[in-house]
Amino acid sequence: MHRVKVISGHLSSYPPQGGNRKCNINHCRARAAVSGPEDVVVVHGRRTAIGKAKRGLFKDTTPDELLSAVMKAVMTDMGLSPDRLGDVCVGNVLQPGAGAVMARIAHFLSEFPETVPVYTVNRQCSSGLQALFNIAGAIKSGSIDLGLACGVESMSLQEMGNPGDLSPRLVDFEKARACVVPMGITSENVAERFGISREKQDAFAVSSHQKADRAQRSGRFEAEIVPVVTRVTDAEGTECTVTVLKDEGVRPSTTLEGLGKLRAAFRSDGSTTAGNSSQVSDGAAALLLGRRSAVEALGLPVLGVLRASAVVGVPPDMMGIGPAYAIPAALEQAGLSVADIDVFEINEAFASQAVYCVEKLGLPLDRVNPNGGAIALGHPLGCTGARMTVTLLHELQRRGRRGYGVVSMCIGTGMGAAAVFEYPGP
């Protein structure tokens, strides 16, 4: 209740006279992180390319196959037998039962032994990151030494929009009603409430495509993407075998003029369009986590250290503001400030909410999604949190020096999640 009152107070007073208010967290100066044998570390992470839902090369590929590709690749890359794993957690949103059966089948398709358990988690758009939090928690508690955190989604094969069996009493409770407000309308709510113009949204979308195009052309994604051999049926009904190596959603030709011609997608007088929203997509990602002492005993590398994690609640009808509150919570936990972070990976569910969060926190734009985000790359719901973490850690590694990064996203029904990682250096 205290947190709800605090957030409500922030919302009612924003923006103050004289311009945008920036989050007052810069009093938290960076402390030298103390490393120890109990640290939760990320050893390795891989992802598939991200395919266009219903139109791309993964449109006929089942999620268990996507998931198996990354699970197997991570373990093979590290030369580690799957029987070393204490648990596997998979984030998924759209599969029945959060994909519990699908995940176990992927487990066996990967030739993992039956003695290794697996389960799934659904915290909507943060499911892949929540899987990482869950595995990290099991490591911290001493239950396991090593675990695999994954995320997967096929938005080609499962539809969004069915919230399940709900009580008719939800109409009597304002916040309960707000939980079923369409995501596009929550974007419009953020844009209207905080004055995020169509021009700002479109400019952010163009930048996402430009950054993703540069990253793709320079080969930055190659180390993180697992080649997937699959079969796809074309419009004429001909089936062929393809190897998917490249994210399909990046449009280098995107311009402000072109985006400006698009109609609003959710409200006739709105500003949210297909061009400044995330793409519906297919993909999977996996990360190997462990206790530092166990990782070092096995001679495995340390790609990153989980320094903090946070999940917060915000108003359901403006769920997109979640990162603006989750990021400060995680930074405070880590003893860091915005100025200490080298890279912010913020999910671009909609340009409206991404722009709001960037402005609210005063984030330097050159540190936000340096290789593009979900507007260009796509947003396979259950996969996104894991995919973003893979991309973040590979980017910090590519820079070749010790650094910090943040992964964050908004969550349907009104939440935000964030994690702080340290890349320890080569």
Using the six-membered ring of Phe133, assess whether NZ or CZ of Arg123 lies under 6.0 Å from its centre and within 45 degrees of the ring axis. no
Would you please test Glu114 and Arg104 for salt bridge (charged side-chain N to carboxylate O under 4.0 Å, His left out) and show each step? CA-CA 9 Å; Glu114 63 185 30; Arg104 186 64 164 169; over 6 Å; no
Minimum side-chain heavy-atom gap Leu381-Gln124 below 4.5 Å: no
Any donor-acceptor N or O pair under 3.5 Å, side chains Ser208, Glu348: yes
Can you classify the ring geometry of His44 versus His394 as parallel (below 30°), tilted (30 to 60°) or perpendicular (above 60°)? tilted
Please determine, by modelled atom types, if Ser337 and Asp340 share a side-chain donor-acceptor pair under 3.5 angstrom. yes
side-chain contact (heavy atoms from CB on, under 4.5 Å) for Leu132 and Leu306? Distances and angles first, verdict last. CA-CA 10 Å; Leu132 186 148; Leu306 178 63; 4.1 Å; yes
Count the heavy atoms belonging to other residues, nucleotides or ligands that lie under 6.0 Å from CD of Glu239, then report whether that count exceeds 12. yes
How about Val93 and Glu153: do any of their side-chain heavy atoms sit closer than 4.5 Å? yes
Apply the side chain to side chain contact (heavy atoms under 4.5 Å, CB included) test between Ile341 and each candidate in Leu336, Ile327, Leu363, Val368; give the one that qualifies. Leu336
Find the distance between CZ (Arg46) and NZ (Lys72) and round it off to the nearest 0.5 Å. 14.0 Å
Do Leu146 and Leu298 make a side-chain contact, defined as non-hydrogen atoms from C-beta onward lying under 4.5 Å apart? yes
A quick test of your reading: do over 12 heavy atoms of other residues, nucleotides or ligands sit less than 6.0 Å from NZ of Lys59? yes
Check the pair Ile139 / Arg291 against side-chain contact (heavy atoms from CB on, under 4.5 Å), numbers first and verdict last. CA-CA 6 Å; Ile139 293 168; Arg291 180 178 292 102; 3.7 Å; yes
State, to 0.1 Å, how close Ile225 and Pro227 come at their nearest heavy-atom pair, and which atoms those are. O-CD, 3.6 Å
Where do Asn347 and Met388 come nearest, in terms of heavy atoms and distance? N-CE, 3.3 Å
Audit row: Asp39, Arg307, salt bridge (charged side-chain N to carboxylate O under 4.0 Å, His left out) steps and yes/no: CA-CA 8 Å; Asp39 286 344; Arg307 290 301 182 193; 3.8 Å; yes
Just checking Glu192: does its CD atom have more than 12 heavy atoms from other residues, nucleotides or ligands closer to it than 6.0 angstrom? no
If you round to the nearest 0.5 Å, how far is CG of Leu331 from OG of Ser408? 9.5 Å
Is there a side-chain contact between Lys175 and Pro315 (heavy atoms, below 4.5 Å)? yes
Verdict with supporting geometry, Arg367 and Val343, side-chain contact (heavy atoms from CB on, under 4.5 Å): CA-CA 5 Å; Arg367 300 185 194 177; Val343 178; 5.8 Å; no
CD/Glu248 to CG/Leu377 distance, rounded to the nearest 0.5 angstrom? 12.0 Å
May I ask you to check whether Glu224 and Thr391 show a side-chain donor-acceptor distance below 3.5 Å? yes
When you compare the side chains of Ser281 and His379, does any donor N or O come within less than 3.5 Å of an acceptor on the partner? no
Enclosure of Arg292 CZ (heavy-atom neighbours >12, cutoff 6.0 Å): yes
Smallest separation among heavy atoms of Ile375 and Ala205, with atom names: CG2-CB, 3.9 Å
So which of Glu395, Arg398, Arg214, Gln216 actually passes side chain to side chain donor-acceptor pair (under 3.5 Å) with Asn371? Glu395
Which heavy atom of Lys52 sits nearest to which heavy atom of Ser156, and what is that distance? O-OG, 4.2 Å
Take Lys360 and Tyr325 through the test side-chain contact (heavy atoms from CB on, under 4.5 Å) and record every step on the way to the result. CA-CA 10 Å; Lys360 168 77 171 173; Tyr325 298 93; 3.7 Å; yes
Crowding at CZ, Arg55 (>12 non-hydrogen neighbours, <6.0 Å): no
How long is the span from the CD atom in Gln95 to the CG atom in Asp64, to the nearest 0.5 Å? 8.0 Å
Scanning both residues in full, the closest heavy-atom pair of Cys383 with Gly283 reads CB-O, 3.5 Å
Do NZ/NE/NH1/NH2 and the carboxylate oxygens of Arg399 and Asp342 come within less than 4.0 Å? no
Can you tell if the side chain of Val232 reaches within under 4.5 Å of the side chain of Phe58, non-hydrogen atoms only? no
Using 0.5 Å steps for rounding, measure from the CD1 atom of Ile50 to the CE atom of Met155. 11.5 Å
For the residue pair Leu80 and Leu288, establish whether any side-chain heavy-atom pair is separated by less than 4.5 Å. yes
Under a 4.5 Å cut-off applied to non-hydrogen side-chain atoms, are Val226 and Arg47 in contact? no
Any side-chain heavy atom of Arg198 within less than 4.5 Å of one from Asn276? yes
Atom CZ in Phe194, atom OG in Ser352: separation rounded to 0.5 Å? 10.5 Å
Nearest heavy atoms of Arg251 and Thr254, plus distance in Å: O-OG1, 2.8 Å
State whether Arg387 and Asp247 are salt-bridged, where the test is any N-O pair (Lys NZ or Arg NE/NH1/NH2 against Asp/Glu carboxylate O) under 4.0 Å. no
